[in-house]
Participant: 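My questions will all concern the structure given below.
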There are 2 protein chains.
Amino acid sequence: MVERTEQLDFLFLALADATRRSILALVAEAELSIGMIAQHFDLTFAAISKHIQVLERANLIRKERRGKEQMVLIVPASLTVAREHIARYEQMWEERFLRLDALLNDSATQESPTKTTKSRRSAAHGKAKRYQRPRQ
Amino acid sequence: MVERTEQLDFLFLALADATRRSILALVAEAELSIGMIAQHFDLTFAAISKHIQVLERANLIRKERRGKEQMVLIVPASLTVAREHIARYEQMWEERFLRLDALLNDSATQESPTKTTKSRRSAAHGKAKRYQRPRQ
DNA sequence: TGTTCGTTCAACCATGTAGTTGACTGATAG
DNA sequence: CTATCAGTCAACTACATGGTTGAACGAACA
């Protein structure tokens with residue numbers, strides 16, 4: 001769980017392109033050579049080769065020589081890193097929401113205890129002090 | 001669950017920058033104004049303002065005027081879209097792995113039934129025909 | 001009604017990305 | 001050993017991004 005910030009940059013950058021996401025979907029389904037992948041797109045071989053280098057830099061795939069072509073293999077671990085990183089933001093929000101919810105249920109004169117479900121949006125408390133800079 | 005490909009581009013692009021991820025972590029913890037956010041970084045106000053526009057374009061945050069400053073509110077739904085999209089690639093891989101696993105357990109003369117756990121890597125079948133281009 | 005304060009816009013620079021074409025490399029198959 | 005074929009590299013174009021500075025905007029307070 002190293003997750004150097006540069007690695008996350010590369011990871012999300014690699015995902016931020018429709019062609020690369022298509023390639024990822026292809027190689028998630030089957031092991032394909034770079035040439036076979038290229039046939040699926042209206043781009044030059046070189047362009048696909050570059051896209052695959054970007055995916056490789058992000059550690060989302062690796063290449064393996066098989067005969068005279070190179071097979072592209074998906075590396076699911078990096079997908080998991082990305083997914084869990086995103087989940088962390090969701091958890092932070094969720095925990096804050098629950099704290100806020102508890103606070104409201106507490107200070108409100110028990111008129112509807114634990115009834116403030118997640119349909120609540122945009123809780124306007126506005127004075128949250130406790131924040132510390134979580135670099136990255 | 002619209003997920004236009006451009007929207008995913010913006011979403012992952014917004015996540016592909018350490019400063020923006022920091023901002024996201026800040027606003028996941030607490031509602032902050034743009035000015036308060038800017039104080040956490042060695043960047044100009046304008047630079048932070050631009051970063052926040054990128055996050056807004058990705059639908060990861062929205063702004064809400066409060067008095068004379070503008071509060072930045074996280075929008076967890078887009079995080080979920082991103083996370084679930086990534087999970088889809090993981091599922092595709094997982095399903096392929098399980099199909100492959102079943103195939104191996106089947107053709108192998110029952111010497112170790114259902115024992116080929118996920119420690120197996122790089123299953124060299126090499127002849128997967130059935131792939132159709134899943135645009136995006 | 002100003003003025004002020006928080007924020008955005010415009011212009012600019014440097015760098016990165018996505019694509020092309022054409023030359024090059026290097027492992028494999030003959 | 002050599003020709004071939006899959007893939008990469010280099011150079012170039014066009015455009016996007018991330019940053020700066022300074023001017024402009026717009027809502028709110030006095």
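Below, chain A is the first sequence line, B the second, and so on; all start at residue 1.
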Participant: In whole Å, what is the span from the CD atom of A/Glu64 to the P atom of D/dG7?
Facilitator: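 It is 14 Å, rounded to the nearest whole Å.
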Participant: Starting at CH2 of B/Trp93, measure out to OG1 of A/Thr80 and round the result to the nearest 0.5 Å.
Facilitator: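 These two atoms lie 8.5 Å from each other.
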Participant: Measure from CZ on B/Arg57 to C1' on D/dT17 and round the result to the nearest Å.
Facilitator: 9 Å
Participant: Would you say that A/Leu13 contacts A/Arg57 through its side chain, given a criterion of any heavy-atom pair below 4.5 Å between the two side chains?
Facilitator: yes
Participant: Residues two or more places apart in sequence or in another chain: which of them pass side-chain contact (heavy atoms from CB on, under 4.5 Å) with B/Ala47?
Facilitator: B/Leu43, B/Thr44
Participant: Would you check if A/Glu31 and A/Arg66 make a side-chain contact, meaning some heavy-atom pair closer than 4.5 Å?
Facilitator: yes
Participant: So, do A/Arg96 and B/Ile74 sit near enough that their side-chain heavy atoms are less than 4.5 Å apart?
Facilitator: yes
Participant: Write out a two-atom table: protein N or O, nucleotide N or O from nucleotides 24-28 of chain D, distance below 3.5 Å.
Facilitator:
none

Participant: What residues, two or more places apart in sequence or in another chain, satisfy side-chain contact (heavy atoms from CB on, under 4.5 Å) together with B/Ala14?
Facilitator: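 Here the qualifying residues are B/Arg20, B/Val54, B/Leu55, B/Ala58, B/Leu60.
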Participant: In whole angstroms, how far is the P atom of D/dT20 from the CZ atom of B/Phe41?
Facilitator: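 After rounding, the reported distance stands at 13 Å.
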Participant: What is the distance, to the nearest angstrom, from the CZ atom on A/Phe12 to the P atom on D/dT17?
Facilitator: 17 Å
Participant: Determine, for A/Arg99 against B/Glu29, whether the closest basic-nitrogen to carboxylate-oxygen distance falls under 4.0 angstrom.
Facilitator: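 Counted as a salt bridge, because a side-chain N and a carboxylate O are separated by less than 4.0 Å.
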Participant: Please list each protein N or O that sits under 3.5 Å from an N or O in nucleotides 8-11 of chain D, with the distance.
Facilitator:
{"residue": "D/dT8", "atom": "OP1", "partner": "A/Lys63", "partner atom": "NZ", "Å": "2.5"}
{"residue": "D/dT8", "atom": "OP2", "partner": "A/Ser49", "partner atom": "OG", "Å": "2.3"}

Participant: Rounded off to whole Å, could you give me the CG-to-C1' distance for the B/Leu55 and D/dT17 pair?
Facilitator: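 Rounded to whole Å, this separation is 14 Å.
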Participant: Need two values: the first and the last nucleotide of DNA chain C, 5' to 3', having an atom under 4.0 Å from any heavy-atom of chain A.
Facilitator: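 Counting from the 5' end, contacts occupy C/dT17 to C/dT28.
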Participant: Rounded to whole Å, please give me the gap between CG in B/Asp17 and C1' in D/dG19.
Facilitator: 11 Å
Participant: Report yes or no: do A/Phe41 and B/Leu8 belong to one cluster of Ile/Leu/Val/Met/Phe/Trp/Tyr joined by side chain heavy-atom distances under 4.5 Å?
Facilitator: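 Yes, it is one cluster - the side chains of A/Phe41 and B/Leu8 are joined through contacts under 4.5 Å.
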Participant: Taking side chain as C-beta onward, heavy atoms only, is A/Leu24 less than 4.5 Å from A/Leu15?
Facilitator: yes
Participant: Quick one: does any side-chain atom of B/Arg21 pair with a main-chain N or O of A/Thr5 as donor and acceptor, under 3.5 Å?
Facilitator: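 Side chain of B/Arg21 to backbone of A/Thr5: a pair is present.
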Participant: Using the side-chain hydrogen bond (donor to acceptor under 3.5 Å, both in side chains) criterion, which residues pair with A/Lys63? Sequence neighbours excluded.
Facilitator: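 side-chain hydrogen bond (donor to acceptor under 3.5 Å, both in side chains) list for A/Lys63, sorted by chain: A/Glu56.
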